[in-house]
Amino acid sequence: RMRLTVWNLQGAILMVKSLSGLNKSQKECAAAAILADTVEILAEREHISCEEALLRLSLSPVYDALYDYETGIWKESGEYLISLYNHYGK
């Protein structure tokens, strides 16, 4: 599981380097990858299931901001989303 998370983060970093010209579908894919990492981080830190972590995130304003591609949050890391969630989303 840890290798998958590291790979996803590395993939996100590689995508950030070539952001110009991404279409909506590509941005959605990037956002979904970041969301998956964020769910794992939140579940581990809060000692909750991934399903509960996903529910909490999806009910927070951070989720809406992640999929509002103009915010640019879809380019960030799971750790960044956690910091936003801790500040705005609880």
Side-chain angles (χ1 to χ4, degrees):
R1 186 162 98 160
M2 183 59 119
R3 281 189 185 160
L4 177 62
T5 300
V6 170
W7 184 87
N8 282 343
L9 288 176
Q10 288 173 346
I13 291 167
L14 291 175
M15 288 192 305
V16 168
K17 292 180 180 177
S18 61
L19 291 177
S20 62
L22 291 183
N23 63 37
K24 184 178 178 183
S25 178
Q26 291 167 320
K27 291 175 184 177
E28 186 175 317
C29 184
I34 299 304
L35 180 61
D37 287 336
T38 307
V39 165
E40 286 186 22
I41 294 166
L42 184 62
E44 185 175 310
R45 290 188 184 168
E46 299 287 326
H47 305 288
I48 58 176
S49 69
C50 286
E51 291 82 5
E52 178 64 23
L54 178 59
L55 180 63
R56 290 183 188 185
L57 285 166
S58 67
L59 294 174
S60 76
V62 173
Y63 182 87
D64 293 331
L66 174 63
Y67 285 96
D68 176 357
Y69 303 122
E70 291 185 20
T71 66
I73 293 174
W74 60 272
K75 298 181 274 186
E76 302 296 340
S77 69
E79 289 291 340
Y80 182 74
L81 252 63
I82 289 291
S83 69
L84 291 177
Y85 174 78
N86 287 334
H87 190 264
Y88 298 105
K90 287 188 172 183

ask   = Is there a side-chain contact (heavy atoms from CB on, under 4.5 Å) between Tyr67 and Leu35 once you walk through the steps?
value = CA-CA 10 Å; Tyr67 285 96; Leu35 180 61; 3.8 Å; yes
ask   = If you measure from CG on Asp64 to CG on Leu57, what distance do you get to the nearest 0.5 Å?
value = 11.5 Å
request  = Work out which heavy atom in Ile73 is nearest to a heavy atom in Leu84; give both atom names and the distance.
outcome  = CD1-CD1, 3.8 Å
message = Could you measure the distance from the CD1 atom of Ile34 to the CD atom of Glu79? Nearest 0.5 Å is fine.
response = 11.0 Å
task = Report the distance from atom CD of Glu40 to atom CD1 of Ile82, rounding to the nearest 0.5 Å.
result = 11.0 Å
ask   = Using 4.0 Å as the upper bound for N to carboxylate O, is an ion pair formed by Glu28 and Lys24?
value = no
task = Answer yes if Ile48 and Leu59 sit in the same cluster of Ile, Leu, Val, Met, Phe, Trp and Tyr residues linked by side chain heavy atoms under 4.5 Å apart, and no otherwise.
result = no
task = Answer yes or no: is there a donor N or O on one side and an acceptor on the other, between the side chain of Trp74 and the main chain of Tyr69, under 3.5 Å?
result = yes
query = Rounded to the nearest 0.5 Å, how far does CG of Asp68 lie from NZ of Lys27?
reply = 10.5 Å
inquiry  = I need the Tyr85 OH to Leu42 CG distance, nearest 0.5 Å.
reply    = 5.5 Å
request  = Walk me through it: do Arg56 and Glu46 pass the test side-chain contact (heavy atoms from CB on, under 4.5 Å)?
outcome  = CA-CA 11 Å; Arg56 290 183 188 185; Glu46 299 287 326; 3.9 Å; yes
note = Closest non-hydrogen contact found for Ala53 with Ala43 is CB-N, 3.8 Å
query = Just how far is it from atom CG of Leu55 to atom OG of Ser60, taken to the nearest 0.5 Å?
reply = 10.0 Å
Closest contact, heavy atoms only, Tyr88 versus Pro61 = O-CG, 3.7 Å
